[in-house]
Amino acid sequence: MTSANTPDRFDPSSADARWQAAWDQAQCFRADDNSAKPRSYVLEMFPYPSGRIHIGHVRNYTMGDVLARTKRMQGFEVLHPMGWDAFGMPAENAAMEKGVHPGGWTRDNIANMKAQLKRLGFALDWSREVATCEPDYYGQEQALFLDLYEAGLVYRKESAVNWDPVDMTVLANEQVIDGRGWRSGALVEKRKLSQWFLKITQFADELLEGLSSLDKWPEKVRTMQENWIGKSQGLRATFKLVDTDNGIEVFTTRPDTLYGASFLAIAADHPLAHSLAANAPELQDFIATCKRGGTTAAELETAEKLGFNTGLSVEHPLDSHWHLPVYVANFVLMDYGTGAVFGCPAHDQRDLDFARKYELPVRRVVADGDNDGETFEGNEAYTGPGRLVNSGWMNGLTIEEAKAQIIAKSAHEGWGTAETQYRLRDWGVSRQRYWGTPIPFIHCELCGVVPVPKKQLPVMLPEYVDFQTPGNPLLRHPTWKHVDCPKCGKPAVRETDTLDTFVDSSWYFLRFASQPSDKPFDRDVLAKWLPVEQYIGGIEHAILHLLYARFWTRALQHIGLIDFAEPFASLFTQGMVTHETYSRVDGSNGQPIYFSPDEIERGGESASLKADGAPVEIGRVIKMSKSKKNVVDPDNIIATYGADAIRWFMLSDSPPERDLPWSEAGIEGCSRFVHRLWRLFGQFDAAASGDDKALDRKRDQTVAAVADDIAALSFNKAVARIYELTSAIEKSSPSVSRSAAIRTLLLLVAPMMPHLAEEAWAAIGETGLIAQAAWLAVDPALLVEDEVTIAIQVLGKLRDTITVAKGLPKEELEALALASDKVQRALDGKAVKKVIVVPDRLVNVVA
RNA sequence: GCGGACGUGGCGGAAUGGUAGACGCCGGGGACUUAAAAUCCCCUGAUCCUUGAUCGUGCGGGUUCGAGUCCCGCCGUCCGCACCA
């Protein structure tokens, strides 16, 4: 292909592909495990191969790419890999809808998307590419799963699970949102099934404690994980049922309020409620009512506290003559704590609502300021600090003291123990799907559940499968599940569940760093690369993926396979790419009809439809979505403007953690800048003479600032600096300094606009690839200005500025300031009380 | 309800407690051109009595010589979690 560049225009349609091929041929982005250089592992969250790269991917991968390319130029051995999170439901949906095989569909998508990523010029080490759907990946995952099983971190149990009736599979708690499946949106049902679990709760405390070491993670993500783990400490206590030997166990974080108890409440699913209901139709009805209740935020907000008096009583643990009624209540959750609570209405809002409704006693046991009366007025529970009152021997203690003492007393007397509860549940990983990692176990009638011997791994998915019937294709496959028991040799059946795809993404960053064929990874090689220095991805993975990956890392450390606890040293969550919407109201039904950006002619403040030239309404700038038709296709943009323009757009203007509004005008501006740089690079003159100290200074200041900005991921600021240097060079006259500045500018933009940079690098006569060129050294002396502009204030208001030599003594600055006409006019004859002088900054005259 | 983030021109956004609005976009004016595109130059927070001045970073206070920045109290927007005992 020949270049179609002109002195005025850079032609990406020929240059982009040429340089992409050159990088491939030089293999310049391959990471060397044995390099002696310092290392840097830059990772972006790998994509699901849906078929098309969307603009959010482009933003994510451009940021990582700039970082990786900069680090490489700065002398680091950089690992910057890419792969595919390739198992999951959409492939099976495609199989059902279009009759294609999930494997074929997925691999085609991967090929398409890989080509798209190459067209964007990302500096990726493709030799380390992994796809989780390939046996060389999921087979190693099976090996790790068996290791965790041996260590007791995998178990199987019969449990009520979240069943998605549309996808016909089990969902983890994390995948149920407002009672609906996260993917299908179907109302989730409870079913009893034998399921595989990973013991994430064993690491609850570690995962919580570990958050405090992650000081390069966003506060927001750490808080979200902390809330998700949901640690609370308190007392588990038994309330003895009157006239029986049985009791009801409750968990409370407020044992200090025990003297304020006025009832016990158990969940509708509590075993005691079920046994009582056997002979009580009214209670059966009540339990059914509780289950019908909605689970959305709005419904819970307004839901009335309902209770059913069982007629049973329990003894108060501190006074066996004090009896409390037992209710079944709709606000008690079976799957938290013990499924039973004691109600202390004065100091818990729900309990107060309940007590007022059912006219139960409300007794104050924590003083609210001076108010220590036993009778509690009003309908707002007091949950603040205070001293214990109306609590016998505990009176006068603080809440914390009372908690400690009553826990000690309960343990001593045998009716309670200190307990820590977590909201976090063990991770159910069984999925009744085909397109996932087969769980490597065999069910034998004689030997029970038997792990597949490691030498028989991988347990491969069968190729020919029927997708036309709902349910698990592996379960009804005619032959696949039938095997001999590895222990006794008798006929047995395979486990037909596959692993949640979040398991696949919980260790892929390890496989990138090391991928031997005979084991999941090499421990010593991992030690060279991990933890990931910079991880970049969307905030939507703040809990699930990032918590699971942390858990796997800790679990693998726990069983001695790796030597570090946290996988991602620094995490960055980037904002979304948004776009305005274009719509017209449909006269017939009043609903807006949306138009895609390609159908629109966009003016300065208005927009019209290309088809009829009539105006359309410009709507809010919102997240790109198919239903609002406000999506833009990266391929079209690359074809029109080239990869460098879209990359530059992704870095410009908005800070990377915030949303980036896409606009036609914006991408055109970026494209104009590409050509502007090209023209400027064309002015490089190796034979120029003379120097330009001011330009030299600007050049080195820009290099230092851009390096800092990129290291801080403040790409928008680096971009602004580059614009400034560009303008400064354009305004300068030819000199050695000017040519040096042009060469510097080229190196500065190389990580961001690599194709343009390579083309210009060759054009100015440099040999070799700029991708492999060394970053810029700066002269520290040049970073310091020798002249400074001083602000002169009177009473804090700017009145004048003066430009003076840097480092001028205070007295001289003061004299210069007072000599200013403007200052004298502002003083208007008033006496000067004092003068504040900040050297090289400002003078403030106080009158 | 709990937790977090944010609030600066027409827009995206800059600003170690020290000249608010860098840089980009939009808009306006001009140069070049037969013309257009491209390119280049200038202007672009508001108001006024326009050589200058006053006001101005969601609102109200405070600390300070000096506050977009720090403190207190509100208001608003967005996000996450939630009958979690």
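Every value quoted in this text rests on a predicted model; they were computed, and no experiment measured them. Atoms considered below: every heavy atom in the structure, side chains included; atoms not considered: hydrogens, waters and symmetry mates. Numbers restart at 1 for each chain; the letters A, B, ... are given by sequence-line order, proteins then strands.
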A:D800 CG to B:G52 P, straight-line distance once rounded to whole Å: 11 Å
B:C75 to B:G21 separation - P atoms, rounded to the nearest Å: 33 Å
Sugar-phosphate only, base, or nothing, as touched by A:V719 at under 4.0 Å among non-hydrogen atoms: nothing
Donor-acceptor under 3.5 Å (A:T257 side chain, A:C344 main chain): no
Sugar-phosphate, base or nothing in reach of A:T801, heavy atoms under 4.0 Å: base
Sequence neighbours excluded - salt bridge (Lys or Arg N to Asp or Glu O under 4.0 Å) pairs with any residue from residues 645-658 of chain A: A:D65-A:R647
Mutual orientation of the aromatic rings belonging to A:W648 and A:Y723 [parallel < 30°, tilted 30-60°, perpendicular > 60°]: perpendicular
Partner nucleotide of B:C6 by Watson-Crick or wobble geometry (both distances under 3.5 Å): B:G76
Between B:A85 (C1') and A:D351 (CG): distance, integer Å: 7 Å
Partner nucleotide, any strand, of B:G12 [Watson-Crick/G-U, under 3.5 Å]: B:C23
Watson-Crick or G-U counterpart of B:C83, or none if no pair lies under 3.5 Å: none
Side chain of A:R825 - closest among B:A82, B:G13, B:G52: B:G52
Length of the CD-C1' vector between A:Q574 and B:A5, whole Å: 17 Å
Closest to side chain of A:L798, choosing from B:G80, B:G13, B:A20: B:A20
Sugar-phosphate only, base, or nothing, as touched by A:V846 at under 4.0 Å among non-hydrogen atoms: sugar-phosphate
A:R9 to A:W678 six-membered ring, cation-pi geometry met (6.0 Å, 45°): no
Touch class at under 4.0 angstrom, heavy-atom based, for A:D348 against every strand present: nothing
Nucleotide forming a Watson-Crick or wobble pair with B:C55, both distances under 3.5 Å: B:G45
Taking every non-hydrogen atom, the tightest pair across A:D8 and A:R679: O-NH1, 3.3 Å
Qualifying residues under salt bridge (charged side-chain N to carboxylate O under 4.0 Å, His left out), relative to A:R350, sequence neighbours excluded: A:D348
Interatomic distance, A:I646 atom CD1 to A:M753 atom CE [nearest 0.5 angstrom]: 14.0 Å
Syn/anti state of B:U63 by chi, 90° boundary around 0: anti
Spacing of A:I407 atom CD1 relative to B:A85 atom P, expressed in whole Å: 14 Å
Counterpart base for B:U64, defined by Watson-Crick or G-U wobble contacts under 3.5 Å: none
Whole angstrom value for the distance that separates C1' of B:G17 from CD1 of A:I836: 13 Å
Among B:A14, B:C83, B:C65, the nucleotide that comes nearest once only the side chain of A:K717 is considered: B:A14
Sugar-phosphate, base or nothing in reach of A:N716, heavy atoms under 4.0 Å: sugar-phosphate
A:E724 or A:E219, whichever maps to the more 5' nucleotide of RNA chain B: A:E219
Check: B:U19 base within 3.5 Å donor-acceptor of A:R799 side chain: no
C1' gap between B:A31 and B:G18, integer Å: 41 Å
OP1 or OP2 of B:A85 under 4.0 Å from side-chain N/O of A:T338: no
Donor-acceptor pair present, A:N227 side chain and B:C81 base, under 3.5 Å: no
C1' spacing across the pair B:C70 / B:G17, given as an integer number of angstrom: 8 Å
Distance-only donor-acceptor test (3.5 Å): side chain A:K833, base B:C65: no
Sugar-phosphate only, base, or nothing, as touched by A:F251 at under 4.0 Å among non-hydrogen atoms: base
Rounded distance in Å between the P positions of B:C6 and B:U16: 15 Å
P gap between B:C65 and B:G73, integer Å: 24 Å
Residues A:F263, A:Y358; criterion ring pair (Phe, Tyr, Trp, His ring centres under 6.0 Å); working and verdict: CA-CA 10 Å; A:F263 64 94; A:Y358 294 100; 8.8 Å; no
Assigned partner base of B:U50, Watson-Crick or wobble definition, under 3.5 Å: none
Expected output: side-chain A:D256 to main-chain A:A402 donor-acceptor under 3.5 Å: no
Given B:A14, B:C23, B:G18, the nucleotide with the shortest approach to the side chain of A:P655: B:A14
Geometric class of the A:H347/A:F376 ring pair [parallel <30°, tilted 30-60°, perpendicular >60°]: perpendicular
B:C40 versus B:C23 - spacing of their P atoms, nearest Å: 16 Å
Length of the line joining A:F673:CZ and B:G12:P, which is rounded to integer Å: 22 Å
Who pairs with B:U39 - Watson-Crick or G-U, where each distance is under 3.5 Å: B:A31
Euclidean distance, atom CG of residue A:D653 to atom C1' of B:G21 [Å, nearest integer]: 15 Å
Which nucleotide in B:U19, B:C79, B:C83 has an atom nearest any side-chain atom of A:Q793: B:U19
Syn or anti conformation of B:G9, syn meaning chi within 90° of 0: syn
Nearest listed nucleotide, side chain of A:R423, among B:C23, B:A82, B:G80: B:A82
Separation of B:G4 P from A:W217 CH2 (nearest whole Å): 19 Å
Span that lies between the C1' atom of B:U63 and that of B:U69, in whole angstrom: 14 Å
Sugar-phosphate only, base, or nothing, as touched by A:R236 at under 4.0 Å among non-hydrogen atoms: nothing
Any N/O pairs under 3.5 Å between the protein and nucleotides 36-45 of chain B? List them or say none.
unit_1 : atom_1 : unit_2 : atom_2 : d
B:U39  : O3'    : A:R679 : NH2    : 3.4

Residue mapping more 5' on RNA chain B - nearest nucleotide basis, A:T252 or A:A791: A:A791
A:F239 ring center within less than 6.0 Å of A:W415 ring center: no
Minimum-distance nucleotide (side-chain atoms of A:S654 versus B:C65, B:A85, B:G13): B:G13
Parallel, tilted or perpendicular: rings of A:Y582 and A:H579 (30°, 60°): perpendicular
C1' atoms of B:G68 and B:G56, separation to the nearest Å: 11 Å
Candidates B:G4, B:A85, B:C26 - which lies nearest the side chain of A:K220: B:G4
Residue A:A665, side-chain atoms from C-beta onward, closest of B:A53, B:C26, B:A85: B:C26
Proximal nucleotide (of B:U19, B:C23, B:C84) relative to the A:T789 side chain: B:U19
